[in-house]
Structure formats: structure tokens, C-alpha cells
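Beneath this line is the structure, given in C-alpha cells, with notes to follow.
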Amino acid sequence: MQTSPYSDFVVQFWGVRGSIATPGKETVRYGGNTSCVEMQVAGKRLIFDGGTGLRVLGKTLLPQMPVEAYIFFSHSHWDHIQGFPFFIPAFVPGNCFHIYGAVAPNGATLKQRLSDQMLHPNFPIPLQGMRSEMKFYDLHPGDVVTLDDITIETVHLNHPSTAIGYRVTWQGHSAVYCTDTEHFPDRLDENVLHLAREADYFIYDATYTDEEYHHPKTPKVGWGHSTWQVGVELAKAADVKNLVIFHHDPAHDDDFLDNVEADVKEAFPKGFLAREGMILQVI
């Protein structure tokens with residue numbers, strides 16, 4: 001594979017928005033594509049979630065084929081899988097994708113759910129029309145995946161229909177992908193704290209502000225997402241080096257997010273907001 005010129009462990013953001021894609025002039029600086037984060041680690045390509053950002057990533061991979069990649073899904077809500085049917089490299093023979101995801105509470109595997117969204121009348125081409133080699137692996141929270149000397153830990157996240165958080169560790173350095181999780185009202189989530197412990201980069205679902213989450217007329221309690229204020233609490237408690245605010249609400253335009261980032265930096269100087277195209281050097 002073509003590796004990044006930056007280092008042996010980098011993180012790149014292809015989609016940072018939550019819920020629904022938000023193209024337009026008011027989301028140019030942060031981006032409007034939904035969740036997709038790529039990690040290039042020790043010559044391997046790891047992809048987290050298949051939101052609409054996956055389509056953009058796929059276009060950049062075409063000159064690099066044949067491609068082998070490992071795709072890890074947090075869950076199968078639409079904003080995390082809608083880019084998958086438009087992931088062009090998956091249609092090309094000779095490419096190979098290892099696809100990981102948890103079994104849903106109703107027993108449906110990730111393969112079944114990805115297939116369902118591509119069945120008529122929802123989509124014109126079925127999953128079987130993808131001519132690359134695809135290998136599916138069922139995960140259960142707590143499983144550990146090992147790819148040579150790369151370790152990927154998993155935990156259960158507090159989200160409707162459940163979700164999985166991931167921690168990628170290589171040569172003593174870690175990046176955490178922890179999105180679509182709602183904090184508890186009376187304590188910090190022990191699963192998230194364990195995942196985030198002393199991480200180099202902690203990517204956290206902070207869809208809302210505390211004011212929005214507890215709004216007296218339109219509260220977001222029970223919607224499955226957290227706030228940047230809780231993200232800061234977790235980052236401090238877990239002693240992370242950098243906090244990356246992720247899964248931006250579709251109602252938050254660039255100016256709103258600029259203000260959020262200023263507040264985040266005041267509370268946690270090594271905190272910032274994810275932007276499409278952003279590249280982070282872990283080591």
C-alpha cells in the first residue's frame with residue numbers, strides 16, 4: 001500500500017459530521033461528510049466507519065490499487081454505513097477488505113445489515129455486485145484484534161442499539177475512536193475511560209454542548225450522544241495527550257464550531273475539533 005509521507009502511524013479524517021451529511025457554504029471549514037476516519041499504521045490501512053466520507057476516501061485509493069484494508073464499524077446507523085455502497089474500490093476485483101463489526105441486538109450480523117441497505121428497492125446494486133474480496137468478522141465488545149504488532153481493543157458504548165469503541169495501539173502509542181456514545185448522568189463511563197487511558201489522540205463524540213443536551217424545551221438526553229464538556233472531563237481523567245472533538249451536529253455551522261473549539265481549548269489546551277482532511281501524526 002502507499003503509506004503516508006508523514007510517519008508510521010497517522011490518522012486522517014474523511015468525514016466528521018454526525019446524523020446526516022451537510023454539504024453547503026456554511027460547513028466548508030469543518031466538512032459535511034459523515035463519519036469515516038482512516039489510520040495508517042505500520043504499513044496497514046485501518047478504516048473506521050463507512051459514512052459518506054468513505055466515498056471520498058475510496059476515490060483517493062483508486063490510483064493505489066490493488067488495495068487491502070481493514071474496516072471497523074462502530075455500528076450500523078445510517079450515517080456510519082451510507083458511504084459503503086459508494087466505496088468504489090469494493091467493486092474492483094483484486095482488492096481485499098477485512099470488515100469488522102458487532103452483531104446487532106436482534107442477531108443481525110454486520111454483513112446482513114450492509115447487504116440490507118443495498119437490496120432493492122433501496123439500492124440498484126446488491127452487495128454481491130461488489131467484486132473485491134470481502135472477509136467479514138463478527139465482534140463482541142471486549143474482543144481484541146491483533147494485526148501483526150498492532151493491537152485493536154474494543155469496548156461497549158452507550159448508544160441505542162449499541163455501538164463499539166476502538167483503541168489502536170502500536171509501539172506504545174495509541175489513537176482512540178470513540179463515537180456514538182452517551183455519557184451517564186452520575187459518573188464517567190468506565191469503558192470509555194479504559195479505552196482512552198493515556199492515549200495520544202482521543203477522538204470523542206461531542207455532538208452537543210451541555211446547554212443543548214439539557215435544554216429545557218428540546219433536551220437531547222437519551223439520543224445516544226455526548227457533549228464536549230464531558231469529553232474534556234474524560235480526557236483529564238484518562239490523562240490523554242490530545243482530545244479530538246468529533247461527530248459534529250448537522251445544525252452546527254462553521255461559525256458555531258469555531259466558538260466550540262475556542263471553549264474546548266480554554267478548558268483543555270490540547271483539545272481541538274476534527275476537520276475533514278485533517279492529518280494527525282501519532283508517531
Side-chain angles (χ1 to χ4, degrees), residues 11-24 27-40 45-61 67 69-91 97-102 104 110-111 113-118 122-123 125 127 130 134 136 139 157 159-166 168 175-182 203-208 223-226 244-254 257 273-280:
V11 180
Q12 184 162 358
F13 294 85
W14 297 96
V16 302
R17 191 70 54 171
S19 301
I20 191 170
T22 55
T27 58
V28 171
R29 295 199 303 277
Y30 290 88
N33 280 302
T34 57
S35 301
C36 182
V37 174
E38 176 191 19
M39 298 187 193
Q40 293 188 36
R45 189 183 306 278
L46 282 57
I47 301 169
F48 294 86
D49 276 332
T52 58
L54 183 64
R55 184 190 69 86
V56 186
L57 169 56
K59 290 170 61 179
T60 70
L61 296 181
V67 171
Y70 302 81
I71 307 178
F72 297 86
F73 284 88
S74 61
H75 63 312
S76 60
H77 285 165
W78 287 342
D79 52 328
H80 295 259
I81 64 171
Q82 279 187 319
F84 187 76
F86 299 93
F87 184 49
I88 298 174
F91 289 88
F97 299 102
H98 307 266
I99 303 174
Y100 297 78
L110 179 65
K111 182 178 181 179
R113 285 171 280 154
L114 291 177
S115 177
D116 286 348
Q117 77 162 340
M118 296 178 68
N122 297 324
F123 198 74
I125 302 172
L127 182 69
M130 290 178 156
M134 289 190 286
F136 287 87
L139 287 177
L157 298 178
H159 191 68
S161 299
T162 75
I164 283 184
Y166 296 95
V168 178
V176 172
Y177 181 76
C178 183
T179 191
D180 288 62
T181 189
E182 184 168 359
I203 303 166
Y204 184 68
D205 170 6
T207 301
Y208 307 121
W223 286 34
H225 301 286
S226 191
V244 188
I245 298 301
F246 184 74
H247 205 269
H248 309 318
D249 188 278
H252 294 170
D253 62 17
D254 288 333
L257 293 176
L273 270 61
R275 292 168 170 79
E276 278 187 36
M278 175 182 282
I279 296 174
L280 306 176

Residues which pass side chain to side chain donor-acceptor pair (under 3.5 Å) with S35, listed by chain and number, not counting sequence neighbours:
none
Can you name the salt bridge (charged side-chain N to carboxylate O under 4.0 Å, His left out) partners of R275, sequence neighbours left out?
E261
Using the side-chain contact (heavy atoms from CB on, under 4.5 Å) rule, take V11 and V244 through it: C-alpha gap first, then chi angles, then the decisive distance, then the call.
CA-CA 11 Å; V11 180; V244 188; over 6 Å; no
If you round to the nearest 0.5 Å, how far is CG of L157 from CD1 of I164?
8.0 Å
Looking only at the side chains, is there a donor atom on one of D180 and H77 sitting less than 3.5 Å from an acceptor on the other?
no
Does any part of the side chain of T52, heavy atoms only, come nearer than 4.5 Å to the side chain of R17, both counted from C-beta?
no
Nearest-0.5 Å distance that lies between atom CG in L54 and atom CD in E38
10.0 Å
Could you tell me the separation between the CZ atom of F123 and the CD atom of Q82, rounded to the nearest 0.5 Å?
10.5 Å
If you measure from NE2 on H248 to OG1 on T27, what distance do you get to the nearest 0.5 Å?
10.5 Å
For the residue pair M130 and F84, establish whether any side-chain heavy-atom pair is separated by less than 4.5 Å.
yes
Give me the atom names and distance for the closest heavy-atom approach of P250 to G18.
CD-O, 3.4 Å
Minimal non-hydrogen separation, T34 against G51, with atom names:
OG1-CA, 3.3 Å
Taking all heavy atoms of L61 and all of P89, pick out the closest pair and write down the distance.
CB-CG, 4.1 Å
Does H252 reach the side chain of Y30, with side-chain heavy atoms less than 4.5 Å apart?
no
Would H225 and E182 count as a side-chain contact (heavy atoms from CB on, under 4.5 Å) here? Give the steps.
CA-CA 4 Å; H225 301 286; E182 184 168 359; 5.8 Å; no
Between R29 and L257, is the side-chain contact (heavy atoms from CB on, under 4.5 Å) condition met? List the steps.
CA-CA 9 Å; R29 295 199 303 277; L257 293 176; over 6 Å; no
Side chains of C36 and I47: does their closest heavy-atom pair fall under 4.5 Å?
yes
Is L280 close to F13 at the side-chain level, that is, under 4.5 Å between some pair of heavy atoms?
yes
I'd like to check F73 versus I99 (side-chain heavy atoms, cut-off strictly below 4.5 Å). Are they in contact?
yes
Side-chain touch T181/Y204, heavy atoms, less than 4.5 angstrom:
yes
Return the set of residues passing side chain to side chain donor-acceptor pair (under 3.5 Å) with S76 (not counting sequence neighbours), or none when no residue passes.
R113
Quick one: do I71 and F87 satisfy side-chain contact (heavy atoms from CB on, under 4.5 Å)? Show the steps, please.
CA-CA 12 Å; I71 307 178; F87 184 49; 4.2 Å; yes
How would you list, by chain and number, every residue that makes a side chain to side chain donor-acceptor pair (under 3.5 Å) with D79, sequence neighbours excluded?
H247
Does the side chain of W14 reach to within under 4.5 Å of the side chain of N33, using non-hydrogen atoms?
no
Distance col, row R45:CZ vs F97:CZ, nearest 0.5 angstrom, shows 9.0 Å
Can you list everything that forms a ring-ring contact (aromatic ring centres under 6.0 Å, His included) with F48? Sequence neighbours excluded, please.
F72, Y166, Y177
Okay, side chain of Q117, backbone of N122: is any donor-acceptor separation there less than 3.5 Å?
no
Applying side chain to side chain donor-acceptor pair (under 3.5 Å), name anything that partners R55, two or more places apart in sequence or on another chain.
none
Can you give me the closest heavy-atom contact between S115 and L127, atom names plus distance?
CB-CD2, 4.0 Å
By the definition side-chain hydrogen bond (donor to acceptor under 3.5 Å, both in side chains), identify the one residue from T162, D205, T179, D49 that meets it with S74.
D49
Gap separating the CD1 atom of I245 from the OG1 atom of T207, nearest 0.5 angstrom:
10.0 Å
